[in-house]
Engineer: 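Once you've had a glance at the structure underneath, I'll fire off some questions.
These values consider heavy atoms only, across backbone and side chains, with no hydrogens, waters or symmetry-generated copies. As the structure is a computational prediction, the values presented were derived from the model and not from experiment. Convention: sequence-line order gives letters A, B, ...; per-chain numbering from 1.
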Amino acid sequence: MIAQVIVDVAAKQTDRVFEYHIPKELTDVAVGSRVVVPFGRRKVQGFVVGISETTSYTGKLKDLLVVIDELPPLTPELIALSKTLADKIFSYRITILQSMLPRVMKANYRKILVPLTDEIKENTLFKGEPLDLNEVSDLETIVKIKKLIKNNQAKIEYLVENKAKKKQVAAYLLTKTRTEYQDILGGIRTTAKNQRALLNNIVEKYNEYPKLGSTIESELGISSSTLRAAEKKGWLLKKEQEIYRNPLKDFESNASKHSVRLNSEQLDALNSIGTSIKEKEAKTFLLEGITGSGKTEVYLHAISTALEQKRNALMLVPEISLTPQMVKQVKERFGDNVAVLHSGLSEGEKYDEWRRIRRGESQVVVGARSAIFAPLKNIGLIVIDEEHESSYKQNDTPRYHARDVALLRSKFHNCPVVLGSATPSLASRARAQKGRYKLLRLTKRANQKSLPKVDLIDLKTVEFAGGQFDLSIPLVDAIKEKLAKKEQVILLLNRRGFASFMLCRNCGFVLRCPNCDISLTLHKDTGQMQCHYCGHKEPIPRKCPNCQSEKIRFLGTGTQKVQEELETLLPDVKILRMDVDTTRRKGSYKKILDSFGNHQADILLGTQMIAKGLDFPNVTLVGVINADTALSLPDFNSSEKTFDLLTQVAGRAGRAEKTGRVMIQTYNPENYAIKLAQSQDYEGFYQKEMQVRFQGNYPPFFYTTLITITSKNEQSAAKEAFVIKRKLMLELHAPTIILGPTPSSVAKIKNQYYYQILVKYKYEPKLHDLLHQIQDDAQLAQKRGLNIYIDNEPERIM
DNA sequence: AGCACGCCGACT
DNA sequence: GTCGGCGTGCTC
């Protein structure tokens with residue numbers, strides 16, 4: 001038998017199947033198996049993508065060396081999916097296969113030098129151990145090693161190592177009958193207190209054994225040394241047992257059958273979805289529901305329907321709203337059937353959750369983008385919550401969009417996909433218009449509450465509080481009023497740090513990052529100027545580095561500065577700040593939200609991570625400190641992003657009985673995105689924005705592909721970009737628009753210059769092959785220090 | 001990718 | 001004569 005293998009070498013020439021003979025001992029190889037194969041002189045990891053009787057290869061086939069896992073980690077579905085997807089997004093197939101698995105399953109490669117004779121073993125190079133060649137860099141040793149190899153005294157071995165560790169715990173089994181233990185107990189000294197406690201426990205609770213070592217220790221207050229002694233005496237037998245790390249241990253898993261009653265709109269939506277589940281239709285629904293309309297309830301009911309049909313369900317949520325609150329909700333409804341996959345878990349925890357899914361031990365999977373590859377079988381429903389979120393598109397290779405993958409999987413499983421949002425992406429909403437998706441609308445708030453009242457504050461005319469130009473008097477008054485009633489406030493400012501740039505008022509100098517084309521942000525907590533792209537740090541200047549003037553100002557207010565201003569204006573108020581800087585540590589995210597939820601703080605001040613999914617009943621005021629930050633970005637979808645953000649954050653106010661209020665500070669109160677966000681009129685925004693996109697020849701009227709060329713040398717990046725453009729111009733025809741090459745809006749990041757070309761097209765059958773060609777050429781260009789990236793349907797084209 | 005092979009200039 | 005620089009080509 002012959003196995004078709006994709007090897008773990010991400011390169012153009014190796015991005016194809018290599019065939020291997022399956023030796024008799026390895027009978028458990030299947031499509032989806034992870035294997036180790038000889039490849040040239042090396043050994044590499046690979047994935048079996050096919051098995052056949054014959055081969056057309058004329059050379060001598062090598063044998064498969066190892067099958068790594070008992071259960072093939074990938075299903076035939078995922079193997080097939082990897083091929084379709086790799087082609088679609090111009091990625092190597094192995095890159096896709098790797099990203100379908102938890103990171104710990106990526107192989108580690110090592111090269112070691114093994115001594116071949118006993119006397120050489122004593123050589124100072126080895127010290128009894130094989131020598132790790134990755135750690136050898138000095139010339140002298142290299143010469144020595146070459147000599148040894150030449151004289152046949154040592155040889156190089158290639159190792160493929162597995163990082164994945166299964167968590168083991170010690171369990172103790174009993175070895176004797178109850179009466180035998182009674183006899184032992186009678187025979188030991190009364191002073192051996194701990195041993196007596198243990199034996200007493202065994203006699204009394206004989207049937208509870210085997211027990212975990214940690215359980216015995218904590219129950220009886222004895223230490224591991226007592227257990228070790230008992231094991232030595234043969235009373236107990238220690239056995240290492242594999243357990244799953246439990247990332248959900250903080251949540252009670254009392255699967256309660258209770259569920260909220262749905263209103264008629266929700267029921268209609270649920271019926272449509274339910275019918276599709278039962279009829280096994282690969283249909284896509286767009287569930288457009290205003291904030292608070294109870295989309296989540298519809299999802300949960302639909303998941304129940306799938307489970308009743310003995311089928312499984314996959315639900316994606318944006319990383320940022322994969323809050324403990326959300327997990328809790330799902331967990332309470334479906335109990336231990338739920339597996340969760342997101343970046344808050346350790347690598348080990350992710351691996352364990354993933355294995356539970358693979359073994360078919362969970363029926364519901366909730367996770368962020370990459371969970372779309374969960375090895376769930378028999379999928380009856382796929383839900384994508386907040387479908388407009390740009391985080392569903394991966395920003396680096398492989399640049400897949402979870403929505404596209406969902407649609408592919410839905411076809412395979414014949415199951416519906418539900419895309420839900422209060423502010424659907426224009427692309428999805430337009431598809432619903434055309435009838436490619438079925439539009440389901442929820443127009444009423446589930447709790448009958450009216451939408452919060454939204455006020456715009458014109459920063460051009462308003463007066464400010466406290467001498468700074470960040471917090472207007474009306475906003476501060478409203479905050480005071482709410483806090484006086486013991487209610488809570490959420491404030492959004494989409495910019496972290498203290499001030500986003502340093503400006504010299506004498507010479508106009510702006511302090512920039514030496515590695516990137518961007519200004520440095522002042523961080524007061526660390527007392528440094530930081531680059532938000534490459535992490536470069538330097539001290540805060542006291543004088544202008546250019547003209548030595550002391551008239552320097554720090555402008556562009558960030559969250560740290562607003563926190564300071566609030567603390568001055570409202571001295572007794574407790575403020576929590578939530579941004580990348582305060583949530584870097586594992587668990588700090590949950591901690592901040594918990595403490596705000598318990599009303600240990602009055603104001604939650606944060607960047608856009610606070611805009612999504614949070615549900616705090618006591619929050620009655622949401623303030624947006626500057627609505628213009630996202631709007632000023634020169635991108636085709638900046639209006640959409642602004643509208644989304646404002647609508648989402650407005651939805652955080654007045655979730656329970658109390659009516660909410662929203663105040664948006666802006667310099668552009670006449671802007672349509674801001675005005676329509678004020679009235680929370682998604683349909684109105686959709687109509688207006690479609691006109692704008694139509695006039696600008698932007699998506700969804702055109703398909704787009706972005707080609708980015710980077711190099712440490714600006715000229716060569718630009719030159720290569722023009723070469724590529726010429727190639728495109730020759731092959732593509734008139735209605736297609738080719739923009740650029742232009743430098744990216746941040747023209748330099750980490751000392752790499754970025755040039756880009758944007759292709760906008762309606763119908764261009766040649767483009768796909770052409771882009772594959774460009775990608776193939778990219779490998780040659782790489783030797784000249786050039787990197788070429790192709791991004792199908794980019795989220796950002798600046 | 002990573003490794004070997006092969007061809008050319010420099011040095012004990 | 002041989003060591004090591006890099007361009008070229010292959011991996012079942």
Engineer: Report the distance from atom CD1 of Ile22(A) to atom C1' of dC12(C), rounded to the nearest whole Å.
Structural biologist: 13 Å
Engineer: In whole angstrom, what separates Lys106(A)'s NZ from dA1(B)'s P?
Structural biologist: 12 Å
Engineer: So what does Phe39(A) touch, heavy atoms closer than 4.0 Å: a base, only the sugar-phosphate, or nothing?
Structural biologist: base
Engineer: Please state how far atom CG in Leu61(A) lies from atom P in dT11(C), giving the value in whole angstrom units.
Structural biologist: 12 Å
Engineer: With a cut-off of less than 4.0 Å, is there a side-chain N or O of Tyr57(A) near OP1 or OP2 of dC12(C)?
Structural biologist: no
Engineer: Tyr92(A) OH to dA1(B) C1': how many Å, rounded?
Structural biologist: 10 Å
Engineer: By side chain to side chain contact (heavy atoms under 4.5 Å, CB included), which residues pair with Thr55(A), not counting sequence neighbours?
Structural biologist: Ile2(A), Glu19(A), Tyr57(A), Leu61(A)
Engineer: Strictly distance-based, threshold 3.5 Å: is any side-chain N or O of Ser33(A) a donor or acceptor partner for the main-chain N or O of Val35(A)?
Structural biologist: no
Engineer: Could you run down nucleotides 2-12 of chain B 5' to 3' and tag each one B, S or - for protein heavy-atom contact under 4.0 Å?
Structural biologist: SSS--------
Engineer: Taking atom P of dC12(C) as reference, at what distance in whole Å does atom CD of Gln4(A) sit?
Structural biologist: 15 Å
Engineer: Tell me, please, which residues at least two apart from Leu159(A) pass side chain to side chain contact (heavy atoms under 4.5 Å, CB included).
Structural biologist: Arg110(A), Ile112(A), Glu157(A), Glu161(A)
Engineer: Output the rounded distance in Å from CD1 (Ile145(A)) to P (dG4(C)).
Structural biologist: 13 Å
Engineer: Give the rounded distance in Å between these two atoms: NZ of Lys62(A) and P of dT11(C).
Structural biologist: 9 Å
Engineer: Centroid-to-centroid, Phe373(A) to Tyr400(A), below 6.0 Å?
Structural biologist: yes
Engineer: Does NZ or CZ of Lys760(A) come closer than 6.0 Å to the centre of the six-membered ring of Tyr703(A), within 45° of the ring's axis?
Structural biologist: no
Engineer: With Arg726(A) as the cation and Phe722(A) as the aromatic partner, state whether NZ or CZ is under 6.0 Å from the six-membered ring centre and within 45° of the axis.
Structural biologist: no
